[in-house]
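Here is the structure we will look at, set down as structure tokens.
Index from 1, following the sequence. Just so you know, these numbers come straight off a predicted model, no measurement behind them.
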Amino acid sequence: QVQLVESGGGLVQPGGSLRLSCAASGFSLDAYAIGWFRQAPGKEREAVSCVARSSDGNTYYADSVKGRFTISRDNAKNTVYLQMNSLKPEDTAVYYCRILVTMIGRWTGCPRPRPGSWGQGTQVTVSS
């Protein structure tokens with residue numbers, strides 16, 4: 001069964017850090033582009049950061065997280081991570097990961113998710 005499971009969220013003070021994990025089961029994650037998305041209360045879901053399959057070097061970061069968030073892969077653990085530093089209250093949201101459609105060439109944005117459903121996500125709350 002193909003599945004992605006998000007974890008690593010929590011409550012953190014402004015300026016703090018969290019590392020989110022997106023663990024895959026039922027398939028080898030390194031062959032696919034993966035994206036992190038988030039949805040805050042009352043707002044639309046948005047792409048936060050995306051990484052191409054391992055053979056391709058593309059990454060994407062939303063302007064709001066550039067310089068603070070880093071996406072990475074650990075193919076041995078079949079996991080994609082989102083390291084989040086210098087967190088702000090506006091980063092508060094439920095974070096989701098998804099497999100993305102394949103997009104060849106240099107990315108100008110995050111590819112859209114492949115057809116499928118959203119998981120439960122992991123809650124990130126930044127508050128003092």
Side-chain angles (χ1 to χ4, degrees):
Q1 181 181 0
V2 174
Q3 191 175 15
L4 291 175
V5 178
E6 306 96 341
S7 64
L11 173 63
V12 63
Q13 292 187 341
S17 298
L18 285 173
R19 189 178 75 161
L20 305 185
S21 298
C22 173
S25 59
F27 70 104
S28 293
L29 192 147
D30 66 337
Y32 296 92
I34 302 294
W36 280 99
F37 300 81
R38 68 185 180 187
Q39 187 166 25
K43 294 189 177 181
E44 292 190 356
R45 190 175 281 127
E46 63 174 348
V48 175
S49 182
C50 302
V51 62
R53 55 192 176 183
S54 294
S55 59
D56 187 348
N58 280 305
T59 56
Y60 165 85
Y61 294 94
D63 287 343
S64 59
V65 307
K66 280 181 182 176
R68 301 188 297 122
F69 290 11
T70 304
I71 193 168
S72 63
R73 292 179 174 274
D74 186 335
N75 292 331
K77 295 183 178 180
N78 217 21
T79 299
V80 169
Y81 299 101
L82 185 67
Q83 178 67 43
M84 306 188 298
N85 298 328
S86 302
L87 282 162
K88 304 176 180 180
E90 52 264 42
D91 295 316
T92 295
V94 179
Y95 286 69
Y96 305 87
C97 61
R98 288 286 298 274
I99 303 171
L100 307 175
V101 300
T102 299
M103 190 159 73
I104 305 299
R106 190 173 72 88
W107 288 0
T108 56
C110 182
R112 69 183 183 279
R114 290 194 176 197
S117 59
W118 296 93
Q120 292 195 339
T122 187
Q123 175 71 48
V124 172
T125 302
V126 184
S127 175
S128 54

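Here the CD1-CG distance, from Ile34 to Leu4, works out to 5.5 Å after rounding to the nearest 0.5 Å. Atoms CZ and CD, from Arg98 and Glu6 in turn, are 9.5 Å apart once rounded to the nearest 0.5 Å. Atom CD of Gln3 and atom OG of Ser25 lie 4.5 Å apart (nearest 0.5 Å). To the nearest 0.5 Å, atom OH of residue Tyr61 and atom SG of residue Cys50 are 10.0 Å apart. For the atom pair OG of Ser54 and CG of Leu29, the computed distance is 8.0 Å after rounding to the nearest 0.5 Å. Interatomic distance, SG of Cys97 versus CH2 of Trp36, reported as 4.5 Å (0.5 Å rounding).
Between Asp63 and Lys66 there is a salt bridge, with a side-chain nitrogen of the basic residue lying less than 4.0 Å from a carboxylate oxygen of the acidic one.
In terms of heavy atoms, Met84 sits closest to Leu20 at CE-CG, 3.7 Å. The shortest non-hydrogen separation linking Asp30 to Arg73 is CA-NH1, 3.5 Å. The minimum heavy-atom distance linking Val2 with Gly26 is given by the pair CG2-O, 4.1 Å. Minimum heavy-atom separation, Ser128 to Pro14: N-CD, 3.7 Å. Closest approach of Leu100 and Arg114 over heavy atoms only: O-NE, 3.2 Å. Of all heavy-atom pairs between Ser86 and Arg68, the closest is O-NH1, 2.9 Å.
Tyr60 is not listed as a side-chain neighbour of Val48, based on a closest heavy-atom distance of 4.5 Å or more. Contact annotation: the side chain of Thr102 never approaches that of Pro111 to less than 4.5 Å [non-hydrogen atoms, C-beta and beyond]. For the pair Ser127/Leu11, a side-chain contact is recorded, criterion being any heavy-atom separation below 4.5 Å from C-beta on. Contact of the Ser21 side chain with the Tyr81 side chain is registered, since non-hydrogen atoms from C-beta on lie closer than 4.5 Å. Proximity of Tyr96 to Val94: side-chain heavy atoms (C-beta onward) are separated by under 4.5 Å at one or more points.
Enclosure of atom CD in Glu90 by more than 12 non-hydrogen atoms of other residues, nucleotides or ligands within 6.0 angstrom is indicated.
Hydrophobic cluster membership is shared by Val124 and Val80, with clusters built from Ile, Leu, Val, Met, Phe, Trp and Tyr side chains linked at under 4.5 angstrom. Under a hydrophobic-cluster definition in which Ile, Leu, Val, Met, Phe, Trp and Tyr are linked whenever side-chain heavy atoms come within less than 4.5 Å, directly or via other members, Val65 and Leu18 are assigned to the same cluster.
In this structure Thr59 satisfies the side chain to side chain donor-acceptor pair (under 3.5 Å) test with no other residue, sequence neighbours excluded.
A donor atom on one side chain and an acceptor atom on the other are not found under 3.5 Å apart for Thr79 and Asp74. Donor-acceptor pairing under 3.5 Å is lacking for the side chains of Ser28 and Asn78.
Centroid-to-centroid, the aromatic rings of Trp118 and Phe37 come within less than 6.0 Å.
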*Apply side chain to side chain contact (heavy atoms under 4.5 Å, CB included) to the pair Ser72 and Val51, showing each step before the final yes or no.*
CA-CA 8 Å; Ser72 63; Val51 62; over 6 Å; no
*Could you walk me through whether Tyr95 and Arg38 pass the side chain to side chain donor-acceptor pair (under 3.5 Å) check?*
CA-CA 4 Å; Tyr95 286 69; Arg38 68 185 180 187; 2.9 Å; yes
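The main-chain N or O of Val126 is found under 3.5 Å from a side-chain atom of Thr92 such that the two form a donor-acceptor pair.
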